[in-house]
Undergrad: 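Take a look at this one; I'll ask things after.
Letters A, B, ... are given to chains in the order of the sequence lines, protein chains preceding strands, and every chain is numbered from 1. Bear in mind the structure is a predicted one, so any value in this text is a computation, not a measurement.
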Amino acid sequence: MGIKKVGLNRNIQPQSLTEKIFFLDFMKGLRTTIKHLFKKVITVDFPFELVEPAPRFRGIHGLRNVDGTEKDDFQAWVKKLKIKPPEMGETRCIACKFCQAACPVPEIFVIKADKLDVPEDHPHHGLKVMTQFDMDLSKCMFCGLCTLACPTICIIHTDVYDLSAYTRRGCVLDKETLSKIADDFVARRGKEKYDEKSQWPDWQKIWDDADKARAKAWDNNPPKLGPNYADQQ
Amino acid sequence: MSWITLDKINELKEKFEFIQINENEKGFHSVELPKENLKQFLRFLKDDPDYSFKMFIDWTIIDHGAKAEPRFQGVLILFSPEYKERIIIKTWATDETLPTLTDIWPGAKWAEREAWDMFGIKFDGHKNLVRMFLWETYPYHPLRKDFPLKGHQEVELPSLNEKERMDQLEGLQNYSRMHTALPTLEDLEITQKKRMPNKKSQVVLNWGPLHPGTHGTIWFLFDMESEYVQDCDIIIGQLHRGVEKIAENLNVQQILPYTDRMDYIASMNENHSVCVAAEKLLGIHEKIPPKAKYIRTMLAELSRINSHLLWLGTYALDLGALTMFLYTFREREKIMDIFEGITGARFTINYFRVGGVYADLPYGALDAIEHFIKDFPTRLSDYENLLTRNRIWLKRNVDVGVITEQDVYDYGLTGAVARAAGVPYDLRIIDKYDAYSEVEFDVPVGEKGDSYDRYLVRIEEMKQSSRIVQQCIDKLRKMSKNDPFFFEPEDKKMKITIDGRGTKLFKGEVYAGADNPRGELGVYIYMPKDGIKPYRFRLRSGAFYNLQIFPKLMIGRPIADAITILSTIDPVVGETDR
Ligand code: SF4
Ligand code: SF4
């Protein structure tokens with residue numbers, strides 16, 4: 001660890017007379033730019049060509065449904081919060097509001113759970129279901145804290161980044177929309193991102209290395225992905 | 001640790017009876033004294049060879065609440081370049097006034113204006129005590145504890161409210177019709193007049209706030225005699241969002257995404273500062289798992305390269321070299337891809353946490369980084385071929401905006417600006433936070449402190465950063481995938497979570513930070529008792545203090561140099577305004 005001195009006359013020589021007369025500095029620059037003239041195009045032709053976001057990409061939120069890949073303690077959480085045990089295809093949300101508590105801008109969320117209106121002898125008597133889940137994503141900063149707080153891995157970030165709308169109302173997503181976004185995302189990319197317990201596995205890749213558009217942005221010479229650590233496969 | 005020792009403070013006590021020592025169990029000792037004796041004491045600290053606290057770091061206020069008497073306390077942080085030590089000096093602002101320090105450190109000028117703006121503290125002897133960020137006719141002082149977080153909503157602004165086919169959309173999380181005060185054109189005119197009360201010559205040129213050359217929203221006033229600048233002032237605050245106020249109402253993990261939005265070009269480093277400071281307050285910085293330390297060091301350096309690439313591209317673009325801009329953005333794209341893959345975001349990253357990082361590296365991350373680092377030196381030499389010895393480049397940069405060593409100390413300049421002036425001030429070496437004590441690198445220092453030196457220093461920093469990144473990769477490769485990446489406290493009293501819920505800070509105070517691409521972002525946290533929300537959360541922005549030297553450098557220079565000087569100081573408005 002030391003100190004390295006830089007400066008004109010220290011590590012950079014001033015221009016010599018020959019350089020000045022023959023414009024060698026410009027020649028050197030031109031050589032660099034001309035070299036680049038013969039390289040392949042590196043710009044991605046958006047929107048005709050799209051780079052697929054990384055699996056971890058923090059895009060628009062989604063609410064996952066029960067699909068058999070819940071965490072082991074999912075049933076315990078459902079019981080604890082007195083939620084009607086969800087069937088396949090119903091939302092995983094147990095209305096615990098942990099996401100709202102973790103969020104720096106809690107006004108984003110409107111979460112409500114209502115008691116089921118069933119007779120007393122019904123097995124679901126006294127249990128609740130989540131009935132409202134609105135998110136105003138125009139206030140969201142996509143920081144990811146809510147997804148880390150969710151005990152059931154219900155609220156997730158998807159790879160959708162297009163949230164344009166004509167009115168502000170268009171940025172308020174309700175629970176049906178959010179569920180649809182998540183279902184669509186999990187069907188498309190779930191295998192890349194989650195293991196069979198909905199956790200992030202250690203084989204989750206930094207990005208899909210077969211993506212042609214991303215390879216272009218890497219000078220048509222993308223890195224070959226391999227394990228990080230000594231004991232990783 | 002780079003802090004004054006208790007012995008040395010005790011010696012001070014022998015000399016000056018009026019000082020009172022606040023011992024801190026984490027080692028961040030401070031001294032307290034009455035404001036009448038402040039200046040005498042500071043002059044001694046500055047000039048005495050045994051102390052020589054020459055360098056100004058920060059000067060701010062704590063509001064102890066409307067009921068406290070006295071209510072406001074001034075907090076001064078100084079650094080001694082000889083002994084590599086810091087000290088905190090506190091003094092009570094009775095009658096809401098404090099003596100000005102501008103005659104000891106000219107750099108206190110903006111700090112005092114900020115204190116006036118945010119807390120309403122007057123400084124006796126300050127030459128032109130005007131507001132820093134807000135406009136002159138604004139009636140409140142927002143960082144006072146009795147100012148509500150949402151402000152006083154008193155202007156009706158129906159246009160903000162949404163209408164669809166002339167219907168009011170009720171509910172639906174719509175905005176309220178009332179808005180906090182906004183400046184009108186007259187207000188801005190008054191502000192401008194107050195900032196530059198005496199015109200020296202015929203023309204006052206307004207540059208910015210919306211000019212591509214100002215790299216954001218800075219409003220410059222140049223008082224010009226033909227092409228030469230006689231006087232200059234800067235109006236900032238167009239991007240002021242009150243991050244400190246917001247931070248005082250959140251837990252520490254929730255603050256991190258807000259710091260992303262300060263220096264949005266190097267958001268990784270902004271997060272780093274807050275993490276380091278909070279960890280030091282909790283006393284866990286040494287215990288962070290090595291994996292997290294190396295990941296953080298590696299990514300912080302990549303982020304430095306990323307930031308310097310943007311600086312180089314826009315700087316060259318401003319001086320007329322468009323090609324550079326295209327080349328550096330090509331390399332930035334790769335770093336952003338790496339960030340996106342590892343953290344989930346390209347720009348506003350929020351990956352570091354107090355206690356580590358929020359997730360382990362994904363498969364292939366180290367390969368991607370290594371691939372980039374291997375390729376980077378050839379790219380860098382391309383840039384140097386284009387610029388370093390180009391005659392136009394030399395003409396525009398050499399001997400422009402010379403900063404001396406004295407300026408560095410007086411104005412509290414940090415980062416590449418200080419190093420180019422020959423001061424090897426680098427927190428990575430002084431504080432040795434995270435894994436910086438275990439990696440090899442050199443600190444580049446310049447000779448003259450002109451724009452050209454600042455250019456060379458930053459180019460060299462990129463080379464050194466890639467060296468650090470390579471060493472971190474080698475270290476990380478040897479680790480196991482099961483190694484922890486987040487700190488698990490053994491202490492029952494301590495609670496730290498990745499998502500931030502319930503994360504507690506301990507009683508005490510701390511000043512720490514990280515060396516960011518734009519200078520030292522220091523974080524001062526003051527906690528009168530254990531709690532979740534920081535009581536006072538001060539962000540000492542490197543870009544803010546670095547920008548302060550700009551008017552001094554501009555005086556007597558032609559207007560065309562404004563571009564060069566501003567680019568090589570390299571402020572980012574998100575951070576200067578906070
Ligand atoms: S991403 Fe962040 S800001 Fe957005 S809802 Fe989640 S926690 Fe809130
Ligand atoms: S944290 Fe998850 S389960 Fe709880 S309310 Fe939010 S989305 Fe639903």
Undergrad: Pick one of side chain, backbone, both or neither for A:P55, based on which atoms fall under 4.5 Å of a heavy atom in chain B.
TA: neither

Undergrad: Counting heavy-atom pairs under 4.5 Å with chain A, which one of B:D337, B:L476, B:T323 comes out on top?
TA: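 Winner by heavy-atom pair count: B:D337.
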
Undergrad: Between B:Q253, B:E384, B:H371, who has the most heavy-atom pairs with chain A when the cutoff is under 4.5 Å?
TA: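 Counting heavy-atom pairs under 4.5 Å, the top option is B:H371.
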
Undergrad: For A:F26, is it the side chain, the backbone, both or neither that has a heavy atom under 4.5 Å from a heavy atom of chain B?
TA: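 Just its side chain gets close to chain B.
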
Undergrad: For the residue pair A:H61 and A:H157, categorise the inter-ring angle as parallel (less than 30°), tilted (30 to 60°) or perpendicular (more than 60°).
TA: tilted

Undergrad: Would B:R332 pass as a cation-pi partner of B:F329, given that its NZ or CZ must be under 6.0 Å from the six-membered ring centre and within 45 degrees of the axis?
TA: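 Output yes; distance and angle both within limits.
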
Undergrad: Find out whether the Lys NZ or Arg CZ of A:R58 is both under 6.0 angstrom from the six-membered ring centre of A:Y161 and within 45° of the ring's axis.
TA: no

Undergrad: Please flag which part of A:K224 lies under 4.5 Å from any non-hydrogen atom of chain B: side chain, backbone, both or neither.
TA: backbone

Undergrad: Quick check on B:Q464 against chain A: is it the side chain, the backbone, both or neither that has a heavy atom closer than 4.5 Å?
TA: side chain

Undergrad: For the NZ atom on A:K112, are there more than 12 heavy atoms of other groups (residues, nucleotides or ligands in this structure) within a distance under 6.0 Å?
TA: no

Undergrad: If we define contacts as heavy-atom pairs under 4.5 Å, which of A:C146, A:P104, A:G29, A:A54 has the most with chain B?
TA: A:P104

Undergrad: Let me know if B:E460 has heavy atoms under 4.5 Å from chain A in its side chain, its backbone, both or neither.
TA: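 Contact with chain A: side chain only.
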
Undergrad: So which of B:K448, B:R389, B:R346, B:R477 has the biggest tally of heavy-atom pairs under 4.5 Å with chain A?
TA: B:R389

Undergrad: Please confirm whether A:W77 and A:F98 have ring centers closer than 6.0 angstrom.
TA: yes

Undergrad: Picking from B:I459, B:D260, B:N251, B:I342, which has the most non-hydrogen pairs under 4.5 angstrom with chain A?
TA: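 Counting heavy-atom pairs under 4.5 Å, the top option is B:I342.
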
Undergrad: Heavy-atom cut-off 4.5 Å, strictly under: side chain, backbone, both or neither for B:L250 against chain A?
TA: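 The side chain, not the backbone.
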
Undergrad: Can you tell me which portion of B:I338 sits under 4.5 Å from chain A's heavy atoms? Options are side chain, backbone, both or neither.
TA: both

Undergrad: Using salt bridge (charged side-chain N to carboxylate O under 4.0 Å, His left out) as the criterion, list what pairs up with B:K291, not counting sequence neighbours.
TA: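 B:K291 satisfies salt bridge (charged side-chain N to carboxylate O under 4.0 Å, His left out) with B:D360 only.
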
Undergrad: Less than 6.0 angstrom from the centroid, inside 45 degrees of the normal: does B:R330 satisfy that with respect to the ring of B:Y327?
TA: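 That pair qualifies as a cation-pi contact.
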
Undergrad: Give the member of B:D483, B:I349, B:I369, B:D375 that has the highest number of heavy-atom pairs under 4.5 Å with chain A.
TA: B:I349

Undergrad: What part of B:R261 is in contact with chain A, defined as an atom under 4.5 angstrom from a non-hydrogen atom: side chain, backbone, both or neither?
TA: side chain

Undergrad: Charged N to carboxylate O below 4.0 Å: is that the case for B:E340 and A:R56?
TA: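 A:R56 and B:E340: not salt-bridged.
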
Undergrad: Angle class for the B:F441/B:Y436 ring planes (parallel below 30°, perpendicular above 60°, tilted otherwise)?
TA: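 Correct class here is perpendicular.
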
Undergrad: Could you check whether any side-chain N or O of B:Q471 sits under 3.5 Å from a backbone N or O of B:E440, counting only pairs where one atom can act as donor and the other as acceptor?
TA: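 Yes, the answer is positive, given that a donor and an acceptor are paired below the 3.5 Å cut-off.
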
Undergrad: Between B:L366, B:L386, B:V445, B:N350, which shows the greatest number of heavy-atom pairs under 4.5 Å with chain A?
TA: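 That would be B:V445.
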
Undergrad: Counting only heavy atoms closer than 4.5 Å, note whether B:S480 contacts chain A via side chain, backbone, both or neither.
TA: both

Undergrad: May I ask you to name which of A:R31, A:H36, A:R214 has the most heavy-atom pairs under 4.5 Å with chain B?
TA: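 Looking at each of A:R31, A:H36, A:R214 in turn, A:H36 comes out on top.
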
Undergrad: For atom NZ of B:K533, decide whether the heavy atoms of other residues, nucleotides or ligands shown that lie under 6.0 angstrom number more than 12.
TA: no

